[in-house]
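The structure appears below as structure tokens.
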Amino acid sequence: MSRQRAGKFFRRLMLFSTVYLVAMATPQASAEALGAPKEQADVTVGCLYPMSGRAGVLGRDSVVGIRLALKYLEEQAAPDRARLRILLGDTKSKLSTATTLARRFIEDEGASFLCGVVNSSVAIEVTSIAESAGAFFIGTDHASSRLTDEFFHDRYFRVTNDTRQSMTAGALFIKDYFSDHLARKPLRISYLGPDYEYGYQVWADFREALERFGVNYEIAGALWPRLSEPDYSHYINELITEKPDLVVNSLWGGDFVAFVTQATETRLFETARFANFEKGGDYEIFAQLGENMPLGLLLASRHHNNWPETEFNQWFVEEFHREAGYYPSSGAQGAFTGIVAIAEAVKNAGANYKDPLAIEQAFEQLALTTPEDPTGFQSSMDPDSHQIQQVMAIGETVPDDRYPPAKVMLGNWHIYYPAELEPRRAETK
């Protein structure tokens, strides 16, 4: 079948919103599929997300993001678009389930791409499976910078910000926001992060950035609650006792909601400024906490519903709301970008789209406009690290009821471009 005919067939398939179930050998590995059926697909992509538990909202939103990506690609009406078959697997936030699904997608379903994964520890295992099998792994939500450092391989590419970028932006923010304090004395910082790969990497990247930019600080303490910790009272009391000027927190999803809920019943937010430069500014946080979300917290995320105010971001947010009946968390935009990036790389590889080297080169040269790109800026892949380069936005919680049930959104933005986040890289180019 010619590529042109293939494109017409793909659009026809998308018009009728083809959704079917793929038979799998075990109940735990069952998966839903979107897009072209197996016998018609040019490329098969296996996506791995948690869709239950505290992290489940990120996976469910990611699936909606993938549906929007297919709709977006259909609207582009490019005749040479490859037909994508996308398998959706629920990892249940379990390493064993994720690795079983990854192997099954590659070995039984012929997937040449894996995508997704929220938990960084799971992502490290999945990237190893992809490397061994010669498959591509497109990271859309996990953030540990180790994936593009010690676990780097030629076929791993990440399309959302990593911990190094977000914590570098956090260090720059601190240098600016606390400049008067820093001119007089060191900033006392307490850190609280989840007791696994991601939490430790955030802390390492944060301290490295503070040192790089010459921020005058001292450590008041570092605390490590387990994932899905039900009771943070001990940690909150310890943070109050440490008397820091700033608490930096890297909990995410339901864990962050639980922490903030319990902290609002104490003096913590009165005794120190509070920041989360990774995912504390996710919309799901604001939606779940509603009127209980404190004002004045210093937060960031990998996508914001109210920034940037571009037509593309407004389209994405409104289409998501039309599809799901609520507003998106950041995972949705990451999954959307992952699928669009795969389609773009396959298109740019042209007739060689089944050649892994051609796909690798297309990804290394990838330039892509995403919903989180402000006017005049386009995301691009760094060919050396395979880490996408994007703008970071840090804001402060302010009253804003435009996106119910949230009563608070971020405002008073501080914006950081890639050249500011990677000064040494910029100097060498």
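Note that these values count all heavy atoms, side chains included, but never hydrogens, waters or copies made by symmetry. We number each residue from 1, following the sequence as shown.
Listed by first and then second residue, the disulfide (SG to SG under 2.5 Å) pairs that reach into residues 156-201 come to none, sequence neighbours excluded. Listed by first and then second residue, the disulfide (SG to SG under 2.5 Å) pairs that reach into residues 257-303 come to none, sequence neighbours excluded. Applying the disulfide (SG to SG under 2.5 Å) definition to pairs two or more places apart or across chains, those involving residues 112-204 are C47-C115.
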Just list the side-chain donor-acceptor pairs under 3.5 Å for residues 284-300, sequence neighbours left out, or say none.
none

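Scanning all heavy atoms of the two residues, the minimum distance from S330 to K279 falls at OG-NZ, 2.8 Å. In terms of heavy atoms, N306 sits closest to W413 at OD1-CZ2, 3.6 Å. When all heavy atoms of A111 and A135 are compared, the closest pair comes out as O-CB, 4.5 Å. In terms of heavy-atom proximity, D141 sits nearest to T160 at N-OG1, 3.9 Å. Of all heavy-atom pairs between R158 and D162, the closest is NH2-CB, 3.3 Å.
Taking 4.0 Å as the cut-off between side-chain N and carboxylate O, R146 and E150 count as a salt-bridged pair. Between R212 and E420 there is no salt bridge, since no side-chain nitrogen of the basic residue lies less than 4.0 Å from a carboxylate oxygen of the acidic one. Ion pairing between K71 and E74 fails under the 4.0 Å rule for side-chain N and carboxylate O.
In terms of modelled atom types and a separation under 3.5 Å, the side chain of R188 and the main chain of D245 share no donor-acceptor contact. Here the side chain of E242 pairs no donor or acceptor atom with the backbone of N237 at under 3.5 angstrom.
Scanning for salt bridge (charged side-chain N to carboxylate O under 4.0 Å, His left out) contacts around R184 gives an empty result, with sequence neighbours left out. Scanning for salt bridge (charged side-chain N to carboxylate O under 4.0 Å, His left out) contacts around D400 gives R402, with sequence neighbours left out. The side-chain hydrogen bond (donor to acceptor under 3.5 Å, both in side chains) check on T370 picks up D373, with sequence neighbours excluded. Residues passing the ring-ring contact (aromatic ring centres under 6.0 Å, His included) test with Y235: none are found, sequence neighbours excluded. By the side-chain hydrogen bond (donor to acceptor under 3.5 Å, both in side chains) test, Y200 is found to be paired with D195, residues two or more places apart in sequence or in another chain being considered. Scored by the ring-ring contact (aromatic ring centres under 6.0 Å, His included) test, F136 finds F113 as partners (sequence neighbours excluded). Applying the side-chain hydrogen bond (donor to acceptor under 3.5 Å, both in side chains) rule to Y217 yields the partners E211; only residues at least two apart in sequence or on another chain are considered. Take H181 and apply the ring-ring contact (aromatic ring centres under 6.0 Å, His included) test, not counting sequence neighbours, and it matches no residue.
Between H142 and F137, the gap from one ring centroid to the other is short of 6.0 Å. For F312 and Y72, the ring centers sit closer than 6.0 Å to each other.
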